[in-house]
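As the structure lists them, so they are numbered: ligands from 1, and atoms in each ligand from 1.
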Amino acid sequence: MNIAIIGTGNVGGALATNWSKKGHNINLGVRDVNQFKGIELLKNQNTKAHSINEAVAQSEVILISTPPTAIIEIIEQMGDVTGKIIIDATNAVRQQPDPYKTVYHCLAEKTKAEIVKCFNSTGFENMLNPIYNGEGIDMFMAGDSELAKKAAAQLALDAGFGTCMDFGKSDKVELLEKLALSWINLAIMQGHGRNMAFKVVRR
Ligand SMILES: NC(=O)c1ccc[n+]([C@@H]2O[C@H](COP(=O)([O-])OP(=O)(O)OC[C@H]3O[C@@H](n4cnc5c(N)ncnc54)[C@H](OP(=O)(O)O)[C@@H]3O)[C@@H](O)[C@H]2O)c1
């Protein structure tokens, strides 16, 4: 797939690296192509840096992994995203993209893209390496677009996750952000460390 990564820091960098190894074409969408967090990602295979507008134009899938408050500015720069798949990996934990509750809700109102919330519920280290004891941990996704969910689920498997569990439709997007907050609570606030992850078990 041709994937635009907007937000090339911890999360965007981990997924850009992981997906480039799987042969995807990575179009980093940045504010300044000469100076941005994650510039070393250009050493990865199949990886180029562009303006946000150009990265989007060259991609069918767009990952948003920026602070949530940047979304209005990003929407203005992306250009026409009608029918493109947008994966929202942000968490409005500290700041909301006012007046919207989440980036997903803002994208749903302001664009005609196929949107899914995914790659938000665990730490970036787990997105670079989701393998624990020889098994892939679980990723989760929520939203109304089946097309976007299909792409996100494939990209989760490509990244090494064991499954990408459907968390529900757009009414579950905020709950999925709460799952991220639960990981942050355990890993950081309760001090269990970032090398931990969620996996659903069944019997
Ligand atoms: N850290 C985690 O483990 C984790 C896990 C799951 C979800 N998340 C969520 O993922 C998002 C990113 O977190 P992160 O830790 O990856 O952040 P980060 O390392 O600080 O990276 C932020 C990125 O966003 C870019 N950016 C900031 N404002 C922008 C704007 N107005 N337009 C375009 N790009 C902009 C920055 O670009 P410049 O280089 O130009 O500044 C940078 O590449 C957040 O919403 C966070 O809640 C984080």
Side-chain angles (χ1 to χ4, degrees), residues 3-19 26-42 44 47-56 59 62-79 81 86-98 100-107 110 115-130 137-142 152 155-156 159 161 164 167 173-189 192-198:
I3 306 170
I5 309 260
I6 304 176
T8 53
N10 297 319
V11 171
L15 290 170
T17 297
N18 206 331
W19 288 333
I26 306 299
N27 296 310
L28 306 174
V30 297
R31 293 183 282 189
D32 177 352
V33 289
N34 296 309
Q35 191 185 359
F36 60 93
K37 187 170 182 183
I39 199 161
E40 69 283 356
L41 297 168
L42 292 174
N44 291 345
T47 303
K48 291 185 182 137
H50 309 275
S51 67
I52 289 171
N53 187 272
E54 187 57 28
V56 167
S59 306
I62 302 152
L63 176 81
I64 307 280
S65 43
T66 61
T69 46
I71 192 61
I72 302 284
E73 200 180 320
I74 289 166
I75 288 171
E76 283 164 7
Q77 291 172 54
M78 283 197 299
V81 290
I86 302 186
I87 302 175
D88 166 22
T90 68
N91 284 312
V93 171
R94 291 187 192 90
Q95 298 163 305
Q96 283 189 348
D98 286 337
Y100 303 97
K101 289 174 182 165
T102 73
V103 164
Y104 179 102
H105 290 88
C106 179
L107 287 164
K110 288 189 164 289
I115 310 156
V116 60
K117 166 77 74 185
C118 193
F119 300 105
N120 70 304
S121 57
T122 195
F124 69 89
E125 300 90 340
N126 290 331
M127 299 196 218
L128 189 60
N129 176 14
I137 57 169
D138 291 333
M139 183 40 72
F140 303 89
M141 59 183 173
L155 286 169
F161 286 91
C164 189
F167 214 71
V173 162
E174 285 175 88
L175 188 61
L176 188 49
E177 291 205 356
K178 294 280 192 304
L179 185 66
L181 190 54
S182 301
W183 184 90
I184 292 167
N185 173 51
L186 285 171
I188 300 164
M189 297 170 196
H192 294 287
R194 299 181 65 96
N195 280 309
M196 55 161 287
F198 296 135

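The closest approach between P68 and ligand 1 falls below 4.0 Å for a heavy atom of the residue. Residue contacts with ligand 1 include P67, since one or more of its heavy atoms lies under 4.0 Å from the ligand. Under the 4.0 angstrom criterion for non-hydrogen atoms, D32 is not in contact with ligand 1. Using a 4.0 Å heavy-atom cutoff, M127 is listed among the residues neighbouring ligand 1. Ligand 1 does not have R94 within reach: every non-hydrogen atom of the residue lies 4.0 Å or more from it.
Under 4.0 Å from ligand 1, the heavy atoms of N120 that appear belong solely to its backbone. With a 4.0 Å heavy-atom cut-off, ligand 1 is reached by no atom of Q35. Using a 4.0 Å cut-off between heavy atoms, E73 contacts ligand 1 through its side chain alone, with no backbone atom that close. Proximity of A180 to ligand 1, defined as any heavy-atom pair under 4.0 Å, is not found for any part of the residue. By the criterion of a heavy-atom distance under 4.0 Å, the side chain of I74, and not its backbone, is placed next to ligand 1.
Side-chain atoms of L176 and Y104, non-hydrogen and from C-beta on, never get closer than 4.5 Å to each other. At least one side-chain heavy atom of I75 sits less than 4.5 Å from a side-chain heavy atom of C106. Looking at heavy atoms from C-beta onward, T90 lies out of side-chain contact with P67 at the 4.5 angstrom threshold.
For ligand 1, the polar-atom distance check against R31 finds a nitrogen or oxygen pair separated by under 3.5 Å.
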Stepwise salt bridge (Lys or Arg N to Asp or Glu O under 4.0 Å) test for E177 and K117: CA-CA 9 Å; E177 291 205 356; K117 166 77 74 185; 2.6 Å; yes
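Q77 and I52 make their closest contact through OE1-CD1, 3.4 Å (heavy atoms, listed as atom of the first residue, atom of the second, distance).
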